[in-house]
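What follows is a short report on a single structure.
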Protein chains: 2
Amino acid sequence: MSRAKVLTIDTMNPTVKKVEYAVRGPIVQRAVELERELSEGMKKPFAEVIKANIGDAHAMGQQPITFFRQVLALCSYPELLSDSTFPEDAKSRACRILQSCGGNSMGAYSASQGIDSVRQDVARYIERRDGGVACDPDNIYLTTGASDGIVTMLKLLVCGEGTTRTGVMIPIPQYPLYSAALAELGAVQIDYFLNEEKCWSLDITELQRAVNEARQYCNPRALCIINPGNPTGQVQSRQCIEDVIRFAAKERLFLMADEVYQDNVYAEGCQFHSFKKVLFEMGPEYAETVELASFHSTSKCYMGECGFRGGYMEIINMDDEVKDQLTKLLSVRLCPPVPGQALMDLVVNPPQPGEPSYGSFIKERTATLSALAEKAKLTEQVLNTVQGISCNPVQGAMYSFPRITIPEKAVKEATGQQPDMFYCMKMLEETGICLVPGSGFGQKDGTYHFRMTILPPTDKLKILLNKVKEFHQRFTQQYS
Amino acid sequence: MSRAKVLTIDTMNPTVKKVEYAVRGPIVQRAVELERELSEGMKKPFAEVIKANIGDAHAMGQQPITFFRQVLALCSYPELLSDSTFPEDAKSRACRILQSCGGNSMGAYSASQGIDSVRQDVARYIERRDGGVACDPDNIYLTTGASDGIVTMLKLLVCGEGTTRTGVMIPIPQYPLYSAALAELGAVQIDYFLNEEKCWSLDITELQRAVNEARQYCNPRALCIINPGNPTGQVQSRQCIEDVIRFAAKERLFLMADEVYQDNVYAEGCQFHSFKKVLFEMGPEYAETVELASFHSTSKCYMGECGFRGGYMEIINMDDEVKDQLTKLLSVRLCPPVPGQALMDLVVNPPQPGEPSYGSFIKERTATLSALAEKAKLTEQVLNTVQGISCNPVQGAMYSFPRITIPEKAVKEATGQQPDMFYCMKMLEETGICLVPGSGFGQKDGTYHFRMTILPPTDKLKILLNKVKEFHQRFTQQYS
Ligand SMILES: Cc1ncc(COP(=O)(O)O)c(C=O)c1O
Ligand SMILES: Cc1ncc(COP(=O)(O)O)c(C=O)c1O
């Protein structure tokens with residue numbers, strides 16, 4: 001039949017076409033194909049595909065926190081509340097969550113902003129985290145993963161046309177959710193470059209350069225920060241955060257702080273400082289005026305519960321009318337997934353000293369975080385032994401983002417493809433290792449990188465790093 | 001401090017401002033306030049607020065299907081797999097789901113399109129439902145509730161400016177997700193009116209009128225159908241569906257069939273026919289050309305699991321390049337919630353004859369569906385005893401949408417407010433019953449309605465209907 005289609009690549013939404021998302025791009029599609037080919041018995045130079053492309057801890061074998069899963073099982077099937085093998089603190093958490101659900105069931109829609117008691121628990125968590133700085137549960141919005149919150153906030157900010165179109169400053173390299181969302185919303189992406197030479201730190205002079213240039217062609221209205229950084233792994237100093245806040249106030253920018261890796265800090269001398277806390281410590285001139293949204297998620301840190309799609313955002317100094325509009329907008333999608341809300345509740349309200357599950361919780365959390373710290377160190381060390389690879393310390397988050405030297409000859413051969421895409425694709429075909437090329441996150445022209453998660457179990461990570469080393473040496477030889 | 005805000009109602013995204021969503025609008029906000037006031041001991045002319053505004057079965061006391069919740073508990077906390085009190089079929093379902101998850105954990109991100117094995121189960125379900133018409137799992141996309149799928153499909157379809165801007169035909173009355181999404185996307189909403197006199201049926205002549213008029217100011221590209229209908233409760237005949245498909249083919253419209261109430265059919269002589277099945281029975285001229293997306297959800301039917309945000313869409317005859325774009329777009333949000341995917345899997349693959357849980361599953365499902373059928377009948381009957389209220393049969397879905405006569409004097413007094421909003425607000429303040437005014441869904445000018453769910457338990461529903469009756473009589477007296 002030859003009736004022309006209504007919806008074709010030429011007649012579809014043009015802003016959707018502009019969206020790119022490297023973390024699940026062509027390399028990953030090829031990795032999935034290779035896995036299928038292997039399972040069908042096809043011969044390959046490797047026995048398994050290792051997906052080091054995405055920060056997905058459980059997929060890499062990390063075990064869930066027992067207490068969290070016990071409570072989720074109890075909430076799913078409350079008959080278990082009479083099962084004596086479940087600890088009492090798990091039961092009391094489950095009861096508290098269920099009592100806040102319509103009909104005492106996770107199957108009821110929640111309020112669009114999220115379950116009241118969960119938002120209260122989030123607020124108390126933030127107060128503890130920030131050394132007592134007050135947090136109002138009314139400023140907390142539960143979300144479907146941090147992704148949902150980030151896209152929603154960007155959506156509110158977009159307006160204007162031509163040179164008055166909203167511009168949003170994002171770090172380069174960045175987590176590509178930002179560029180994808182801005183493309184879809186038709187907003188202007190304003191790049192500011194992190195300083196690779198200074199351990200991917202953020203320079204205010206670079207922010208200033210970026211905003212000044214951008215004012216010639218758009219209306220810069222927001223500044224996004226990822227701390228700890230993805231893909232770059234840096235942890236910002238308190239001083240830097242203060243400077244950023246001062247800059248945002250001076251330039252009248254809405255601040256968006258992506259803090260999903262807030263528990264993932266490994267390097268000595270580094271510490272997580274929330275934007276909220278620093279803002280409030282700077283006194284009322286800032287604390288009462290600078291507009292800030294910060295984002296958290298159940299997907300990262302020590303729990304790595306990505307599949308549940310839990311998250312929250314805290315919103316500070318937002319105009320009341322805009323807040324009403326935000327709530328209205330969220331209500332169209334009804335509510336975030338309730339199991340994800342329950343999980344978020346457990347993350348912000350874990351077992352306390354004296355409760356039966358406290359010991360095992362601390363043990364499990366510590367084991368995961370110290371393994372991650374060890375793997376961060378290991379990754380940096382091994383990669384830096386390779387000539388042509390240079391890797392900044394992985395101070396936090398879950399990735400290394402080393403710079404790689406790609407020989408001229410390989411750059412030429414990669415026609416029509418980014419050289420680091422060419423490199424990563426070749427690595428995948430030869431070793432089964434799936435990485436994301438630096439071009440997917442943005443990088444200075446003429447530099448090349450890849451992103452690799454530090455999540456595989458230590459043994460496996462060692463093998464993987466060795467394979468990367470051998471591949472890089474082979475590749476360099478082949479093309480020089 | 002008096003620094004002007006970056007983000008204000010005047011500088012925020014103008015398309016977001018245009019969004020309206022009555023199901024959670026001012027009436028519901030007032031209901032929440034009243035609940036708080038009651039709990040603080042304030043005196044009211046009623047003892048509790050009854051939220052009959054939203055199709056939220058569990059919130060109204062409906063119990064979850066035991067088997068579904070057992071499997072979810074097993075998936076959440078797999079240690080329970082060695083607990084002998086769980087039935088074997090629940091365990092085997094849980095194992096199958098976990099084996100399809102990264103690291104055997106619901107905490108891993110799934111593929112963006114959804115878990116493979118779940119999509120296969122959905123495809124087999126559709127084949128059974130549609131009497132053997134083939135279904136390709138590649139055409140199945142798991143979603144975060146049906147809402148997510150619907151918004152995503154609309155997003156793909158939007159392009160053009162001015163008179164070439166995409167227009168989308170939606171029924172009036174409609175479920176307001178449609179108008180909200182179109183407003184946000186800046187697409188043109190094309191109203192076609194359902195025929196209240198003929199039990200809210202769909203006339204092709206009305207579709208034709210609507211599309212002809214719309215062609216003068218926009219580019220009509222899609223036609224949305226809700227069957228069984230929300231808020232109107234009608235179930236479409238096979239003949240009607242065939243006519244709609246023929247109309248869509250002739251007018252070159254992409255069909256979107258919202259079939260989330262596919263198991264909610266109560267009236268004698270009525271039966272659910274899927275658009276997919278009818279399309280394929282019409283032969284290759286239609287089956288191979290008409291583009292169709294159909295939507296399903298875990299939120300409705302007999303399970304009513306809204307909080308899990310599970311759903312799927314099936315996409316037929318979509319251009320391959322557009323499909324790639326769709327997959328890319330979904331990947332930005334990473335994946336739908338895995339517990340919701342697991343639940344969707346159970347809905348499409350429930351206990352089978354011979355399995356240990358079959359008996360109790362059938363019993364629970366039947367009990368819920370026959371109670372709903374009874375309540376549908378009861379609602380229609382009682383409402384039709386009231387002078388000034390006239391209610392079409394509730395053939396399916398979960399709502400009655402009766403027409404109400406509002407005296408002239410009340411219409412005048414409702415200045416600045418829709419008269420049915422005035423009516424519903426008054427009902428809420430006097431009786432504690434929370435309904436949604438017809439104006440939130442759209443209705444013919446000069447007619448007034450409200451939407452009320454049939455979900456409260458039968459006893460409670462009887463009381464509620466009586467209160468509505470008394471209120472209507474009082475209101476009519478007061479204003480005549
Ligand atoms: C910096 C950053 N922000 C946000 C997200 C989104 O995570 P989620 O939507 O799973 O919470 C990620 C995921 O990798 C991330 O790395
Ligand atoms: C007709 C219709 N479509 C879609 C939805 C969305 O439901 P969900 O996103 O919970 O699947 C609803 C919810 O009430 C509905 O009535």
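Letters A, B, ... are given to chains in the order of the sequence lines, protein chains preceding strands, and every chain is numbered from 1. These numbers come from a predicted model, not from an experiment.
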Of the listed residues (Thr66(A), Asn13(A), Val338(A)), which shares the most heavy-atom pairs with chain B below a 4.5 Å separation? Asn13(A)
Best-contacting candidate, Gly307(A), Pro78(A), Gly310(A), Gly102(A), against chain B by heavy atom pairs under 4.5 angstrom: Gly307(A)
Chain A contact via Leu253(B) - side chain, backbone, both or neither, heavy atoms under 4.5 Å: backbone
Heavy-atom cut-off 4.5 Å, strictly under: side chain, backbone, both or neither for Asn104(B) against chain A? neither
Most contact-rich option vs chain B, by heavy-atom pairs under 4.5 angstrom, among Ser147(A), Gly340(A), Ser105(A), is Ser105(A)
Measure distances from Thr166(A) to the heavy atoms of chain B and classify the residue's part below 4.5 Å as side chain, backbone, both or neither. neither
Closest heavy-atom contact between Ala73(B) and Ser76(A)? N-CB, 3.9 Å
Counting C-beta onward and ignoring hydrogens, is there a side-chain heavy-atom pair between Leu157(A) and Met12(B) closer than 4.5 Å? no
Tell me, for Met318(B) versus chain A, whether the close heavy atoms (under 4.5 Å) come from the side chain, the backbone, both or neither. both
Select one option (side chain, backbone, both, neither) describing which atoms of Cys75(B) are under 4.5 Å from chain A's heavy atoms. backbone
Residue Ala222(B) versus chain A: region with a heavy atom under 4.5 Å: neither
Student check: side-chain heavy atoms of Val19(A) and Gln325(B) closer than 4.5 Å: no
Using non-hydrogen atoms only, which part of Val151(A) is less than 4.5 Å away from chain B: side chain, backbone, both, or neither? side chain
Report yes if some heavy atom in the side chain of Ile54(A) is under 4.5 Å from a heavy atom in the side chain of Tyr109(B); otherwise report no. yes
At a heavy-atom separation under 4.5 Å, does Glu184(B) approach chain A through its side chain, its backbone, both, or neither? side chain
Between Arg309(B) and chain A, with a heavy-atom cut-off of 4.5 Å, which part of the residue counts as in contact: side chain, backbone, both or neither? side chain
Engaged part of Val32(B) at the chain A interface, taking heavy atoms whose separation is under 4.5 Å: neither
Between Lys328(B) and Val16(A) (side chain of the first, backbone of the second, donor and acceptor by atom type, cut-off under 3.5 Å), is there such a pair? yes
Is Phe86(B) close to chain A through its backbone or its side chain, or both, or neither, when contacts mean heavy atoms under 4.5 Å? side chain
Of the backbone (N, CA, C, O) and the side chain (C-beta and beyond), which part of Thr85(B) lies under 4.5 Å from a heavy atom of chain A, both, or neither? neither
Need one label for Asn219(B): side chain, backbone, both or neither, based on atoms under 4.5 Å from any heavy atom in chain A. neither
When Cys159(A), Pro64(A), Gly304(A) are compared by non-hydrogen pairs under 4.5 Å with chain B, the top option: Cys159(A)
Under 4.5 Å heavy-atom distance to chain A, tell me which part of Glu321(B) shows up: side chain, backbone, both or neither. both
Is any side-chain heavy atom of Thr144(B) closer than 4.5 Å to a side-chain heavy atom of Arg333(A)? no
With the side chain counted from C-beta on, respond yes when Pro339(A) and Pro337(B) share a heavy-atom pair under 4.5 Å apart, and no when they do not. no
If you count heavy-atom pairs within less than 4.5 Å of chain B, which of Val158(A), Thr327(A), Leu185(A), Ile150(A) leads? Val158(A)
For the student: nearest non-hydrogen atoms of Ile9(A) and Val322(B), plus distance: N-CG2, 3.6 Å
Which distance, rounded to the nearest 0.5 Å, do you find between the OG1 of Thr8(B) and the CD of Glu291(A)? 9.0 Å
Answer with side chain, backbone, both or neither: which region of Leu156(B) has an atom nearer than 4.5 Å to a non-hydrogen atom of chain A? both
Between Ala249(A) and chain B, with a heavy-atom cut-off of 4.5 Å, which part of the residue counts as in contact: side chain, backbone, both or neither? both
So, do Met106(A) and Leu72(B) sit near enough that their side-chain heavy atoms are less than 4.5 Å apart? no
Can you tell if the side chain of Leu74(B) reaches within under 4.5 Å of the side chain of Tyr77(A), non-hydrogen atoms only? no
Contact origin within Leu7(A) toward chain B - heavy atom pairs under 4.5 Å: both
Counting heavy-atom pairs under 4.5 Å with chain A, which one of Val290(B), Leu177(B), Asp324(B), Asn317(B) comes out on top? Asn317(B)
Heaviest contributor of heavy-atom pairs below 4.5 Å to chain B, chosen from Leu80(A), Val71(A), Leu326(A), is Leu80(A)
Taking all heavy atoms of Lys5(A) and all of Arg252(B), pick out the closest pair and write down the distance. O-NH2, 2.9 Å
Separation between CG (Asp319(B)) and OG1 (Thr11(A)), nearest 0.5 Å, reads 8.0 Å
